[in-house]
Amino acid sequence: MKKTFILLLCIYISFPAVLAKRKTSFLNRLSEIPGVTSVKQIQSEKFKERYIITFRQYIDHNDTSLGTFSQRVIVGNVNTDSVTVVVTEGYSASYTEKASYREELSSILNANSIIIEHRYFNESVPKIKDNNRFWEYLTTYNAATDHHRIVEAFKSIYKGKFIATGVSKGGICANLYRMYYPKDVDITVPYVAPLCKGVEDERMAIMVENYGKDGERFEEGTMMREFMEYLFQNRNQYLVFLEKYIAENNLVCKIPLDELFDLTVLDMRVALLARGEVKKIPEWDKTPIDSIFKFVAKYGSPEGFTPNYDNMPYYVQAVRELGHYAYNVNEFGDLLSIKSTADYLRRTALPDEVQYEYDPETHNSTIEFLNTTDAHMLFIYGEYDPWTSVGIKDLVSNPNVYIFINPGNCHRSKINNFPKDIKEKIIDILHYWLREK
């Protein structure tokens, strides 16, 4: 009887340990991946289990002697034999840590998810003391190689097919990752990804100016222009609020206040179009001035024209490789204090030590790749999104590269908000590619 009791007691004590071992087995496998330096489990409402890991990356993949930094990666696990969606985030990945978060493709395909925070953002910043050398390693090649090393490492665990995807700048990253490493993944799906021709691409300025001049968006276009004219005509009332906003947010303003106001209003229009929220413009003859300013600051983001901007590292990439968009200052004539927006990123938001000149090589190489590749690539855009005007539609003609433009939609275009027939076609294409041997 005593022996039986001891045996039962041993089983009772060891059973929780067995369960714990099963529960943490995937965590252990993550910890054993070469390059992984830490693993932390987080809550998830969408995945069986989810983790934040840090991955050791080289500051410069062309010169590993410069040392390493830690890159944040968020992993959502479904099954090691399932499809894996790799999200090449273009900025910080903090928002993806929410328990309710799941990117669209992994949800549609019930796939594993690997979200890679972009180098130089949030928790993934190399620690280099000499700021004159700091920005040198923020290149598209280094970022793509970050993605390559992580995907190669995770192929030791995940045995299904891999899809690279990203939204906006993340879509640029997915596209460039495929260009630099064409065999790494099986499918690439960039969402609303621009391909700007230079630091101030005029194509967006033209699209934005012409929005709603005729057709079904005429009323919106008229309202937008009249609102902007009102703001420029009454600028002195709003400069007081702008000056207070700068002080309260400890912003570094490198240009005159009048110029900052002009740029903020011009960029407000881009943001309203991108979000599809033109109809939210307040009735300016019935709304308090302070409320109108809050609206302008929300969409125009004055901090976006200062070095304080959280996403300022993107501007470093823009002036060097990725390009950006221009504004048309002639549209409002003498209402503007600013006469030219030439070189405005450098004048407003870049650190003084950033003196790069734009190199078109990345842009040209991308066009050449997209026009000749046999890779499975599917691009998604929104019809009225300003970023669509600087997308790939007019630059690429390749039957292997699918381009879907969401009718009536904006920068928030997703597969799930396409019309039903087009949505089904997109999903059918993805499933067809996934069935291929």
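Here, residue 1 is the first one in the sequence, and each next residue gets the next number. On a predicted model such as this, the values are computed, not experimentally measured, just so you know.
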Any donor-acceptor pair under 3.5 Å from Asp146 side chain to Gln71 backbone: no
Between the side chain of Thr348 and the main-chain N/O of Tyr344, is any donor-acceptor distance below 3.5 Å? yes
Do Thr362 and Tyr141 have side-chain heavy atoms sitting under 4.5 Å apart? no
Does Arg217 make a cation-pi contact with Tyr384, if we ask for NZ or CZ under 6.0 Å from the ring centre and within 45° of the axis? yes
Pair Glu45-Ser100, side chain to side chain donor-acceptor pair (under 3.5 Å): steps then yes or no: CA-CA 5 Å; Glu45 299 167 7; Ser100 61; 4.8 Å; no
Quick one: does NZ or CZ of Lys414 land under 6.0 Å from the six-membered ring centre of Tyr191, within 45 degrees of the ring axis? yes
Considering non-hydrogen atoms only, spot the tightest contact between Phe418 and Ile380 and give its length. CE1-CG2, 3.6 Å
When rounded to the nearest 0.5 angstrom, what is the spacing between CD in Glu117 and CZ in Arg72? 4.0 Å
Check the pair Tyr315 / Trp135 against ring pair (Phe, Tyr, Trp, His ring centres under 6.0 Å), numbers first and verdict last. CA-CA 11 Å; Tyr315 290 155; Trp135 299 110; over 10 Å; no
Does the separation of the ring centres of Phe134 and Tyr120 fall below 6.0 angstrom? yes
Checking Thr68 side chain against Arg56 main chain: does a donor-acceptor pair fall under 3.5 Å? no
Phe232: which of Phe227, Tyr238, Phe332 passes ring-ring contact (aromatic ring centres under 6.0 Å, His included): Phe332
Quick one: do Asp428 and Lys425 make a salt bridge, cutoff under 4.0 Å? no
Do Thr306 and Ile246 come within less than 4.5 Å of each other through their side chains, counting heavy atoms only? no
With side-chain contact (heavy atoms from CB on, under 4.5 Å) as the test, would you mind laying out the steps for Leu231 and Ile292 before giving the verdict? CA-CA 9 Å; Leu231 290 169; Ile292 293 176; 4.0 Å; yes
For Ser94, is there any backbone N or O sitting under 3.5 Å from a side-chain donor or acceptor partner on Ser92? yes
If you define the side chain from C-beta out and look only at heavy atoms, does anything of Asp385 sit under 4.5 Å from Arg412? no
Hey, is OH on Tyr91 packed in by over 12 heavy atoms from elsewhere, all under 6.0 Å? yes
NZ/NE/NH1/NH2 to OD/OE distance under 4.0 Å, Asp258 and Arg235: yes
Does the side chain of Lys48 come within less than 4.5 Å of Val78's, by heavy atoms? no
Flag for Asn417-Asn406: side-chain donor and acceptor within less than 3.5 Å: yes
Residues two or more places apart in sequence or in another chain: which of them pass side chain to side chain donor-acceptor pair (under 3.5 Å) with Asn364? none
Glu368 CD: over 12 foreign heavy atoms closer than 6.0 Å: no
Rounded distance [0.5 Å steps], CG in Leu176 versus OG1 in Thr366: 4.5 Å
Under 3.5 Å, side chain of Thr188 to main-chain N/O of Asn175, donor-acceptor pair present? no
Trp387 ring center near Tyr325 ring center (under 6.0 Å): yes
Measuring from atom SG of Cys253 to atom CD of Glu303, what distance do you get when rounded to the nearest 0.5 angstrom? 12.0 Å
A quick test of your reading: do over 12 heavy atoms of other residues, nucleotides or ligands sit less than 6.0 Å from CD of Glu219? no
I'd like to know if the side chain of Ser168 and the backbone of Gly170 have a donor-acceptor N/O pair within less than 3.5 Å. no
With a distance cut-off below 6.0 Å to the six-membered ring centre and an angular limit of 45° from the axis, does Lys393 pair with Tyr381 as a cation-pi contact? no
Carboxylate-amine/guanidinium proximity below 4.0 Å for Glu259 and Lys254: no
Are the side chains of Leu260 and Leu242 in touch, meaning some heavy atoms are under 4.5 Å apart? yes
Which distance, rounded to the nearest 0.5 Å, do you find between the CZ of Phe121 and the CD of Glu89? 8.5 Å
Closest approach of Leu335 to Gln233 (non-hydrogen atoms, all atoms of both residues): CD2-CG, 3.6 Å
Donor on one side chain, acceptor on other, Tyr309 and Ser301, under 3.5 Å: no
Carboxylate-amine/guanidinium proximity below 4.0 Å for Lys298 and Glu277: no
Is there a ring pair (Phe, Tyr, Trp, His ring centres under 6.0 Å) between His148 and Tyr177 once you walk through the steps? CA-CA 8 Å; His148 167 70; Tyr177 172 38; 7.3 Å; no
For Tyr432, is the OH atom crowded, meaning more than 12 foreign heavy atoms sit under 6.0 Å from it? no
Neighbour count >12 (heavy atoms, 6.0 Å) for atom NZ, Lys244: no
Report, as yes or no, whether the 6.0 Å neighbourhood of atom CD on Glu283 holds more than 12 heavy atoms from other residues, nucleotides or ligands. no
Has Arg178 got its NZ or CZ under 6.0 Å from the middle of the six-membered ring of Phe369, at an angle within 45 degrees of the ring axis? no
Does Lys213 NZ have over 12 foreign heavy atoms under 6.0 Å away? yes
Could you pull out all residues at least two apart from Lys155 that satisfy side chain to side chain contact (heavy atoms under 4.5 Å, CB included)? Val151, Glu152, Phe162
Taking the six-membered ring for Trp, are the ring centroids of Phe379 and Phe404 within less than 6.0 Å of each other? no
Hey, do the aromatic rings of Tyr180 and His147 have their centres closer than 6.0 Å? no
Output yes when a side-chain donor or acceptor of Asn77 lies under 3.5 Å from a complementary backbone atom of Glu49, and no otherwise. no
Compute the centroid of each ring, for Tyr245 and then for Phe241, and state whether the two points are separated by less than 6.0 Å. no
For Val252 versus Asn308, what's the shortest heavy-atom pair and its separation? N-OD1, 2.7 Å
What distance separates Arg320 CZ from Glu357 CD, expressed to the nearest 0.5 Å? 12.0 Å
Looking at Glu229, I'd like to know if its CD atom is crowded, meaning that more than 12 non-hydrogen atoms belonging to other residues, nucleotides or ligands lie closer than 6.0 Å. yes
Looking only at heavy atoms, the pair that brings Leu395 and Ile367 closest together is O-CG2, 3.8 Å
Donor-acceptor contact below 3.5 Å, side chain Asn400 vs main chain Thr373: yes
Closest non-hydrogen atoms of Glu321 and Leu138, given as atom of the first, atom of the second and distance, are OE1-O, 4.4 Å
Euclidean distance, Tyr314 OH relative to Ile172 CD1, rounded to 0.5 Å: 5.5 Å
Mark yes or no for whether Glu200, through its side chain, and Asp343, through its backbone, hold a donor-acceptor pair below 3.5 Å. yes
Under-4.0 Å salt bridge between Glu202 and Lys197: no
Check whether any side-chain heavy atom of Glu383 sits under 4.5 Å from a side-chain heavy atom of Thr388, and report yes or no. no
Is a side-chain N or O of Ser113 found less than 3.5 angstrom from the main chain of Gly76, in a donor-acceptor match? no
